[in-house]
Amino acid sequence: QAQLAESGGGLVQAGGSLRLSCAASGRFFDRFTMGWFRQAPGKEREFVAAISWSGGSTDYADSVKGRFSISRDNAKKTVYLQMNILKPEDTAVYYCASDRAEFRERVEKLGERDFGSWGQGTQVTVSS
């Protein structure tokens, strides 16, 4: 499956912004829903956001709605996560993931098992 590489993580103060990027090497990047997950210390990996293969549909975890925005550029084979108004509870390793299925119609309520390829993660730390 696709090879994914996240970048853009770092240390930011609460209220600040950060944009994560995920570069894909897969040949058919534009066929797959892409997602972002995160894992905080001592917690399980959780869903953050997803975007459909066409970019026409998105979904967000309740905890990030209104603050985070997922987007993609299929020509560049890259998916982004714009994170605004960051909070200390956003601190986690953020992972990019590619859907197991091609041309999925709906992106709502997707879970970890729906994604087959994962990046290595990028650390986001939000200080108070």
Side-chain angles (χ1 to χ4, degrees):
Q1 294 182 312
Q3 301 294 306
L4 307 174
E6 304 94 337
S7 62
L11 176 64
V12 64
Q13 292 183 324
S17 298
L18 208 60
R19 188 179 76 160
L20 306 183
S21 297
C22 174
S25 61
R27 182 176 180 181
F28 303 109
F29 174 80
D30 60 354
R31 297 183 179 184
F32 298 95
T33 290
M34 299 295 295
W36 286 96
F37 290 75
R38 66 187 182 186
Q39 186 169 24
K43 296 184 178 180
E44 295 185 345
R45 198 192 308 262
E46 66 175 349
F47 171 80
V48 175
I51 185 167
S52 66
W53 63 273
S54 67
S57 298
T58 58
D59 190 38
Y60 299 92
D62 289 342
S63 60
V64 306
K65 285 182 178 178
R67 300 188 298 118
F68 289 13
S69 179
I70 187 171
S71 62
R72 68 191 296 162
D73 187 334
N74 286 345
K76 296 181 179 180
K77 296 183 179 180
T78 303
V79 62
Y80 305 94
L81 184 68
Q82 179 66 47
M83 305 184 293
N84 299 320
I85 319 175
L86 283 162
K87 304 175 181 179
E89 50 263 46
D90 294 318
T91 295
V93 176
Y94 283 71
Y95 298 91
C96 175
S98 178
D99 195 1
R100 294 181 182 273
E102 298 181 352
F103 303 118
R104 188 185 295 273
E105 295 182 359
R106 300 183 183 278
V107 299
E108 294 85 1
K109 301 180 180 180
L110 295 179
E112 185 173 346
R113 291 186 177 183
D114 293 306
F115 296 85
S117 296
W118 297 81
Q120 291 296 112
T122 185
Q123 177 71 48
V124 172
T125 302
V126 184
S127 64
S128 60

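Start at 1 with the first residue, then count along the sequence.
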Separation between CD1 (Ile51) and CZ (Phe32), nearest 0.5 Å, reads 15.5 Å
When rounded to the nearest 0.5 Å, the distance separating CG of Leu81 from OG of Ser71 is 8.5 Å
query = Are the side chain of Arg67 and the backbone N or O of Ser63 linked by a donor-acceptor pair below 3.5 Å?
reply = yes
Note: Thr125 and Gln123 closest approach over all heavy atoms is OG1-NE2, 3.3 Å
Here the pair of heavy atoms bringing Ala14 nearest to Ser128 is CB-CA, 4.4 Å
| message | Do the side chains of Asp90 and Lys87 get close enough for a salt bridge, i.e. N-O under 4.0 angstrom? | response | no
> Are side-chain heavy atoms of Trp36 and Phe68 found at a separation under 4.5 Å?
Replying inline: no
When every non-hydrogen atom of Ala50 is compared with those of Leu110, the smallest separation belongs to CB-CD1, 4.5 Å
OH of Tyr60 to CD of Glu108, rounded to nearest 0.5 Å, is 12.0 Å
* Is any side-chain heavy atom of Glu112 closer than 4.5 Å to a side-chain heavy atom of Trp118? -> yes
(request) Please confirm whether the backbone N or O of Ser52 pairs with a side-chain atom of Arg72, one donor and one acceptor, at under 3.5 Å? (result) yes
Distance col, row Asp114:CG vs Arg104:CZ, nearest 0.5 angstrom, shows 4.5 Å
Heavy-atom nearest pair, Phe29 first then Asn74, reads CE2-OD1, 3.1 Å
Considering only heavy atoms from C-beta outward, does the side chain of Glu6 approach that of Tyr95 to under 4.5 Å?
-> yes
